[in-house]
Amino acid sequence: MEVQSGSQESKPVGTFEILHEDRHTGARAGRLWTQHGVIETPVFMPVGTQATVKSIEPRDLHEMQAQVVLGNTYHLLLRPGMEIMETCGGLHKFMGWNKPILTDRGGFQVFSLSGLRKIKPVGVEFQSHIDGARFFMGPKESMAVQRILGSDIAMCFDECIPYPCDEAYATNAVRQTLKWAKTCLEQPRAEGQLVFGIVQGGEFTELREYCATELAAMGFDGYAVGGVSVGEPEPFLLKGIRDGLRKLPWEKPHYIMGLGDLWQMSEAVRLGSDMFDCVIPTRNARNGAAFTRDGVYPVKAGEFKADLRPVEVGCDCPCCSNFSRAYIRHLLNVGEILGVRLLTLHNLHVYHKFMREMREAIFADGFKDWQEEQTRRLRCGDARTRGGK
RNA sequence: GGUGGUUUACCGAAGUGGCCAACCGGGGCAGACUGUAAAUCUGCUGGCUUACGCCUUCCUUGGUUCGAAUCCAAGAGCCACCA
């Protein structure tokens, strides 16, 4: 089937076009055609684990020009459950979002809920974090759930290992991941649903290269690098990305899972990555952190008690256009939900703008300079005093 | 005017002779957060110190005691009832 883009063009679902490659780096700007529309890359995908990007709604997402959001297999299977999801006609209809959705496969919960599961050859025995009920999820179950969810991009069920992790364990996890990837690929899917394979391998270069090579041979619609940003020091994180990308087909979309530090994303783009997701801008907003192009700062801090400047000077998001730091700080400190919502809007706005600028810089063959400038600001800038008085 | 009660750190509130620089809430401050068990979690919240520790504290003053936030006396503030 074919999809229409903003212009009158149309291409088959699953097509990934690299529109331009930066002349001086590995960065590229592209377009991924999905069942629910075109995704322009590099792209940041807000995380909407439980069928909502916490505290905001689709209208907000459209306004900030979000192109695709995440949903989570594990969490949505537990609640509301697939019977209801089927009745409601899938995740798009259920949550009122008509643009692309990528569903995470529940494999991350193998990592994040490590105390509540047992890994077996055919899948993972989970114990629900809600009521303790035991249930099983393997590649087949995960894909079945993602089919019902009807996401545009389904992720392969895999084993995400922690950091640190010894080589023997990592090797075994890669073996498992590859076996499950093959099974996933054989499962029935929703109409137009793409499937991405996930490279694991921890900090071990050969393992990651091996995993990537094997996955590439299976022929996925796109590829993800997983097992990064699981608490490892930044040099290991970047190494994991480089190792993961090295053997992947260059012409397919590259998704770095869970990566959400602005500078780290720019670095990953420089190496040839296209897609990112992360809870940082949303979760940290709820915890009072304001993201700016000059770094992060806690708006909750007392020094902003009477600060009339917007959260970020020069920002045109709904939060900064209308409200002061003093007000946002007040809302957060008295526990008013509006504070959380406004700061979430701001942070996501910053993220999306960052991605759009990256894309422009790539088209202009100026990615290197752009990134250097951003690095200076993000890592050495003073977020708190941005814009002077 | 009389009788009874009460007074603890920013607020509330434990503690009623040594284990008390004083439990616990709230508030305040700081930090953490990378595919969401997260509008969460951690630390600090008398002074000086990185810390060990030292110093000054539980309304005020005086006393009892080896030792007092804790017991006694007087005073002050607040509360209740009686006149």
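Every chain is numbered from 1 and lettered A, B, ... according to where its sequence line falls, protein lines coming before strand lines. Just so you know, these numbers come straight off a predicted model, no measurement behind them.
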**Prompt:** Is G71(A) touching bases, backbone alone, or none of the nucleic acid, heavy atoms closer than 4.0 Å?
**Reply:** nothing

**Request:** Output the residues of residues 165-177 of chain A in contact with RNA chain B, where contact means a heavy atom of the residue under 4.0 Å from an atom of the strand; sort by number or write none.
**Result:** none

**Request:** Measure from the side-chain heavy atoms of N333(A) and tell me the nearest of U36(B), C29(B), C33(B).
**Result:** C29(B)

**Separation of the P atoms in A69(B) and C58(B), to the nearest angstrom** = 7 Å

**Asked** Which of parallel (below 30°), tilted (30 to 60°) and perpendicular (above 60°) describes W97(A) and H62(A)?
**Response** parallel

**Item:** For atom CZ of R286(A) and atom P of U40(B), their distance in whole Å
**Value:** 9 Å

**Message:** Distance criterion of 3.5 Å, no angle test: do you see the side chain of Q264(A) paired donor-to-acceptor with the base of U34(B)?
**Reply:** yes

**Request:** State which of U34(B), A37(B), A39(B) makes the closest approach to the side chain of Q109(A).
**Result:** A37(B)

**Asked** What is the nucleic acid contact for G302(A), judged by heavy atoms within less than 4.0 Å: base, sugar-phosphate only, or nothing?
**Response** sugar-phosphate

**Request:** If the plane angle is over 60° it's perpendicular, under 30° parallel, otherwise tilted; pick one for F354(A) and W370(A).
**Result:** tilted

**Asked** Which nucleotide sits closest to the side chain of S229(A): U36(B), U34(B), A37(B)?
**Response** U34(B)

**Message:** Can you tell me how the ring of F111(A) sits relative to the ring of F108(A), calling it parallel under 30°, perpendicular over 60° and tilted otherwise?
**Reply:** tilted

**Prompt:** Touch check for R117(A), heavy atoms < 4.0 angstrom, all strands: base, sugar-phosphate only, or nothing?
**Reply:** nothing

**Message:** With rounding to the closest Å, how many angstrom separate the C1' atoms on G26(B) and G17(B)?
**Reply:** 31 Å

**Message:** Cation-pi check for W180(A) against R175(A): NZ or CZ below 6.0 Å from the six-membered ring centre and within 45 degrees of the axis, yes or no?
**Reply:** no

**Prompt:** Between the base of U36(B) and the side chain of T282(A), is there a donor-acceptor distance below 3.5 Å?
**Reply:** yes

**Request:** Would you classify L332(A) as touching base, sugar-phosphate or nothing, given that sugar-phosphate means primed atoms plus P, OP1 and OP2, and contacts are heavy atoms under 4.0 Å?
**Result:** nothing

**Closest listed nucleotide, where the reference is the side chain of A301(A) and the choices are A30(B), A37(B), U34(B)** = A30(B)

**Complete:** note: Y297(A), atom OH; C29(B), atom P; distance rounded to Å ~ 15 Å

